[in-house]
Amino acid sequence: MSFKTASEGYVRYQGLGNWAFVLHRLTGLGVILFLIIHVLDTAAVYFIPSLYVDAVALYRSPVFGLGEILLVLSIIYHGLNGLRVIYFDMINPDMWTIEINRKSVIWTWVITLVLWLPAAVVMGSHILEHLGG
Amino acid sequence: MTTQTKRVEVPQGWEAFAWKWMRYSGVLIFILAWIHVLIQDILVGVYQIDTSYVAARWNGGFWRVYDFLLLFFAFSHGMNGTRQVLADYIHSEGGRRALNWILLILWAIVVVVGTITIFAFTPPAG
Ligand code: HEM
Ligand code: HEM
């Protein structure tokens, strides 16, 4: 599947704003996929308690650990960019110009990284502490 | 290069409601999901999560109601978002109608299963 609508189909616009939109889409889809799995594995705690232990054990593997670090990046970016879009759409639509959009996208990425890096360090050190048992 | 913005009239209807829904729910989830992830994934971490951890958190009503609100708003936001994305690739009326029904059913199943989990859970004995 290509991002036809976004980057080459109906609108030919490949500025930063378009990348912000594509990333918003990918992170949103990533989080909803996780959330479906997450609600179902949490359901085990009530429906099949013995299985809950196994489900959480999966999350403790290093591969899932890396996945969780990416999940946190997705939630931070999607949330911040979402607030930016909401502010433009609902409160100040005059900000939807290419120049302002561009600047605000860069700021969104900067703040995302500033918030994500410490979280990634904390989570990464949890993974390292538990490597090999 | 300068650009000009232009205001347009949007017909009010179901899709306009869905559009607003994404924005109002977004503000709420911003608070609910970030706090949830900060506590569960970053501060506590999966290495300390097990059945008795969940039992302790769901001991009172507060986190049960919190988790329910998170479930309802985040899941409804995410499923409607998925609907919007897929509708960009499905162009026939019938295809979109089928898509809406499939996602609505999936939405209902997961919300019901999640809600039962949150409110019916009682700590296992021992
Ligand atoms: C953290 C707070 C969040 C905020 C502020 C937020 C905000 C938004 C906004 C404003 C949109 C509409 C974008 C547009 O029309 O271009 C959107 C779309 C979307 N959101 Fe969220 N959201 C949040 C959390 C979530 C979560 C937790 C999920 C998944 C469960 C999610 C999944 C999606 C999806 C799949 C879309 C559709 C993307 C698209 O149409 O390209 N969002 N979000
Ligand atoms: C990997 C990071 C995460 C961890 C370790 C985690 C952990 C947990 C745990 C232990 C519970 C059980 C109930 C409780 O203790 O309150 C829970 C429930 C829940 N979580 Fe998360 N969570 C994570 C990410 C997320 C995200 C990103 C979302 C939403 C966008 C989310 C939404 C929910 C919901 C809706 C419930 C209630 C589920 C139900 O209906 O049974 N979680 N989570």
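Every chain is numbered from 1 and lettered A, B, ... according to where its sequence line falls, protein lines coming before strand lines.
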(request) Select, from B/V111, B/L71, B/I116, the one with the greatest count of heavy-atom pairs under 4.5 Å involving chain A. (result) B/I116
(message) Is A/L83 close to chain B through its backbone or its side chain, or both, or neither, when contacts mean heavy atoms under 4.5 Å?
(response) side chain
(request) To the nearest 0.5 angstrom, please state how far the CG atom of A/L80 sits from the CH2 atom of B/W34. (result) 4.0 Å
(message) Could you see if A/I48 belongs to whatever hydrophobic cluster contains A/V53? Use Ile, Leu, Val, Met, Phe, Trp, Tyr and a side-chain cutoff under 4.5 Å.
(response) no
(message) Does any backbone or side-chain atom of B/F30 lie under 4.5 Å from a heavy atom of chain A? Answer side chain, backbone, both or neither.
(response) side chain
(message) Quick check for you: to the nearest 0.5 Å, what is the distance between B/K20 atom NZ and A/D89 atom CG?
(response) 12.0 Å
(message) Just so I understand: if I count every heavy-atom pair under 4.5 Å between each of A/M123, A/E68, A/R60 and chain B, which residue has the most?
(response) A/R60
(message) Under 4.5 Å between side-chain heavy atoms, counting indirect links through other Ile/Leu/Val/Met/Phe/Trp/Tyr residues: same cluster for A/V121 and A/I69 or not?
(response) no
(request) Carefully, step by step, assess B/V113 and A/Y46 under the rule side chain to side chain contact (heavy atoms under 4.5 Å, CB included). (result) CA-CA 10 Å; B/V113 168; A/Y46 168 69; over 6 Å; no
(request) Answer with side chain, backbone, both or neither: which region of B/V46 has an atom nearer than 4.5 Å to a non-hydrogen atom of chain A? (result) both
(message) Is it true that, when you exclude A/W107 itself, more than 12 heavy atoms of the residues, nucleotides or ligands shown sit nearer than 6.0 Å to its CH2?
(response) no
(message) For A/I127, which atoms come within 4.5 Å of any heavy atom of chain B: side chain, backbone, both, or neither?
(response) both
(request) Following the transitive rule for hydrophobic clusters with a side-chain heavy-atom cut-off under 4.5 Å over Ile, Leu, Val, Met, Phe, Trp and Tyr, establish whether B/V112 and B/M79 coincide in one cluster. (result) yes
(request) Could you have a look at B/G45, B/A55, B/A120 and say which one has the most heavy-atom pairs with chain A under 4.5 angstrom? (result) B/A120
(request) Give every residue pair that meets the side chain to side chain donor-acceptor pair (under 3.5 Å) criterion with at least one member in residues 39-52 of chain B, sequence neighbours excluded. (result) B/Q40-B/Y53, B/D50-B/S52
(message) For B/V27, which atoms come within 4.5 Å of any heavy atom of chain A: side chain, backbone, both, or neither?
(response) both
(request) Nearest 0.5 Å please: distance from the NE2 atom of B/H77 over to the CG atom of A/L35. (result) 11.0 Å
(message) Given heavy-atom pairs under 4.5 angstrom as the criterion, report whether the side chain, backbone, both or neither of A/V45 touches chain B.
(response) both
(request) Find out whether A/I75 and B/H36 are in side-chain contact, i.e. whether some heavy atom of one side chain is under 4.5 Å from a heavy atom of the other. (result) no
(request) Go through the atoms of B/W58 and report whether side chain, backbone, both or neither lie under 4.5 Å from a heavy atom of chain A. (result) side chain
(message) For residues B/I90 and B/W101: do they belong to one hydrophobic cluster (side chain heavy atoms under 4.5 Å, members Ile, Leu, Val, Met, Phe, Trp, Tyr)?
(response) yes
(message) So which atom in A/V85 and which in B/R23 form the shortest heavy-atom distance, rounded to 0.1 Å?
(response) CG1-NH2, 3.9 Å
(request) Mind checking the CH2-CD1 spacing from A/W116 to B/I42? Nearest 0.5 Å is all I need. (result) 11.5 Å
(message) Taking B/F17 as the starting point, is it possible to reach B/M22 by hopping between hydrophobic residues whose side chains are less than 4.5 Å apart?
(response) no
(request) Output the option from B/I29, B/L38, B/T82 having the highest count of non-hydrogen pairs under 4.5 Å with chain A. (result) B/T82
(request) Inspect the surroundings of CZ in B/R96 and state if more than 12 heavy atoms from other residues, nucleotides or ligands are less than 6.0 Å away. (result) yes
(request) Side chain from CB out, backbone as N, CA, C, O: work out which of these in A/Y59 comes under 4.5 Å of a heavy atom of chain B, or both, or neither. (result) both
(request) Measure distances from A/L58 to the heavy atoms of chain B and classify the residue's part below 4.5 Å as side chain, backbone, both or neither. (result) neither
(request) Heavy-atom distances under 4.5 Å only: say whether A/I76 touches chain B with side chain, backbone, both or neither. (result) both
(message) List the residues meeting ring-ring contact (aromatic ring centres under 6.0 Å, His included) with B/Y24, not counting sequence neighbours, and say none if there are none.
(response) none
